[in-house]
Amino acid sequence: MERVDRFFELSSRGTTVQRELLAAVTTFATMSYILVVHPLIMSDAGMDRAQVLTITAVVAGVFSILMGLMANLPIAVAPGMGANGLVAYTLILGLGVPWQGALGLVFWSGVVFLVLTLTGIRRLLLDAFPDALRRALTAGIGLFIMFIGLKTAGIVVAAPAPPWCRSAWSRHPRCCWRCPASRLSWDSWPGGCPGRSFSPSYCSPPSAFLSPQPQVP
């Protein structure tokens, strides 16, 4: 125990071996859901679930150990739960990018991230984020993971129409839903809707969502 204490400088940091072991068990219990959720997400994109599970466990274990041995920091490393959803559902399923090509993009994004870290730009970007936005990102990722769990458990199922199509105000005959290139906007409401369009470019007409569709005989 004394050798471990000296190697990791635990006493100088105001902690003990027993406390760090308890923290390690707590961290593992907190992050172990990734071993289930990450393979589920990537298997939706066509990857083998067993292989993703294996590589997730190996990478998380090896690099968490290296983080402690080389950087002397009690930081666990695991796949990002926001990035995997972006890769699986946006790049692969949404844009039709093969999963092999999507993983190539992940590799190059890691290279760019490394360059930003070595040049100090990453620290400048992190300092530019306000605390409220950081907390919002954490909460958003948590809600995203919760939604995946509810969907996998069958508690959340596919609806016959988007939620905004079933609300009372959306049945107003003059309500018009539009999709600008990068944001949602509401227009054509009497007196104008809050958050009117900021962009002249639209990607779809609203009638398919908010108007009754004619029955084809």
Side-chain angles (χ1 to χ4, degrees), residues 23-24 26-153 156 158 179-184 201 203:
T26 305
T27 302
F28 176 79
T30 304
M31 297 178 55
S32 58
Y33 75 94
I34 297 178
L35 294 174
V36 178
V37 178
H38 183 61
L40 284 175
I41 294 176
M42 302 313 297
S43 63
D44 288 343
M47 300 180 67
D48 185 83
R49 185 179 301 181
Q51 295 180 1
V52 175
L53 171 61
T54 302
I55 195 62
T56 300
V58 171
V59 169
V62 170
F63 283 92
S64 296
I65 293 173
L66 291 178
M67 181 67 72
L69 295 178
M70 299 181 65
N72 199 6
L73 292 174
I75 298 177
V77 181
M81 295 308 297
N84 55 6
L86 174 67
V87 171
Y89 299 119
T90 301
L91 290 180
I92 300 176
L93 296 180
L95 300 178
V97 178
W99 66 263
Q100 295 88 343
L103 293 184
L105 293 176
V106 172
F107 169 78
W108 286 112
S109 68
V111 173
V112 173
F113 188 82
L114 178 62
V115 172
L116 293 177
T117 302
L118 295 177
T119 56
I121 300 177
R122 172 177 169 269
R123 171 53 56 184
L124 296 177
L125 295 175
L126 290 176
D127 293 339
F129 276 84
D131 290 337
L133 183 57
R134 297 179 186 178
R135 297 174 182 175
L137 290 173
T138 303
I141 294 175
L143 291 174
F144 172 69
I145 297 171
M146 181 187 70
F147 176 79
I148 294 175
L150 294 175
K151 180 177 179 295
T152 304
V156 174
C179 174
S182 61
R183 61 188 66 84
L184 295 175
S201 59
C203 62

Peer 1: Quick one: OG1 on Thr54 to CG on Leu35, what's the gap to the nearest 0.5 Å?
Peer 2: 10.0 Å

Peer 1: Considering residues, nucleotides and ligands other than Tyr33, do more than 12 of their heavy atoms fall under 6.0 Å from its OH?
Peer 2: yes

Peer 1: I need the minimum non-hydrogen distance between Val52 and Pro39, along with the two atoms involved.
Peer 2: CG1-CA, 3.7 Å

Peer 1: What are the two closest non-hydrogen atoms of Ile92 and Ala102, and how far apart are they?
Peer 2: CG1-CB, 3.8 Å

Peer 1: Take atom CZ in Arg134; do more than 12 heavy atoms of anything else shown fall under 6.0 Å from it?
Peer 2: yes

Peer 1: Do the side chains of Arg135 and Asp131 get close enough for a salt bridge, i.e. N-O under 4.0 angstrom?
Peer 2: no

Peer 1: To the nearest 0.5 Å, how far apart are OG1 in Thr117 and CZ in Arg123?
Peer 2: 9.5 Å

Peer 1: Considering non-hydrogen atoms only, spot the tightest contact between Thr56 and Ile34 and give its length.
Peer 2: CG2-CG2, 4.2 Å

Peer 1: Are more than 12 heavy atoms from other residues, nucleotides or ligands located less than 6.0 Å from atom CZ of Phe63?
Peer 2: no

Peer 1: How many angstroms lie between CZ in Arg122 and CG in Leu114, if you round to the nearest 0.5 Å?
Peer 2: 10.5 Å

Peer 1: Quick check against the 3.5 Å criterion: does Thr90 have a side-chain atom that pairs as donor or acceptor with the backbone of Val87?
Peer 2: no

Peer 1: Give me the atom names and distance for the closest heavy-atom approach of Ile75 to Met67.
Peer 2: O-CG, 3.4 Å

Peer 1: What's the spacing between Gln51 CD and Met42 CE if we round to 0.5 Å?
Peer 2: 12.5 Å

Peer 1: Has Tyr89 got more than 12 heavy atoms of other residues, nucleotides or ligands less than 6.0 Å from its OH?
Peer 2: yes

Peer 1: Taking Ser43 for the side chain and Leu40 for the main chain, is one N or O donor matched with an acceptor at less than 3.5 Å?
Peer 2: yes

Peer 1: Grab the two heavy atoms, one from Leu125 and one from Phe129, that are nearest each other, plus how far apart they are.
Peer 2: O-CD1, 2.9 Å

Peer 1: How many angstroms lie between atom CH2 of Trp99 and atom CG of Asp48, to the nearest 0.5 angstrom?
Peer 2: 9.0 Å

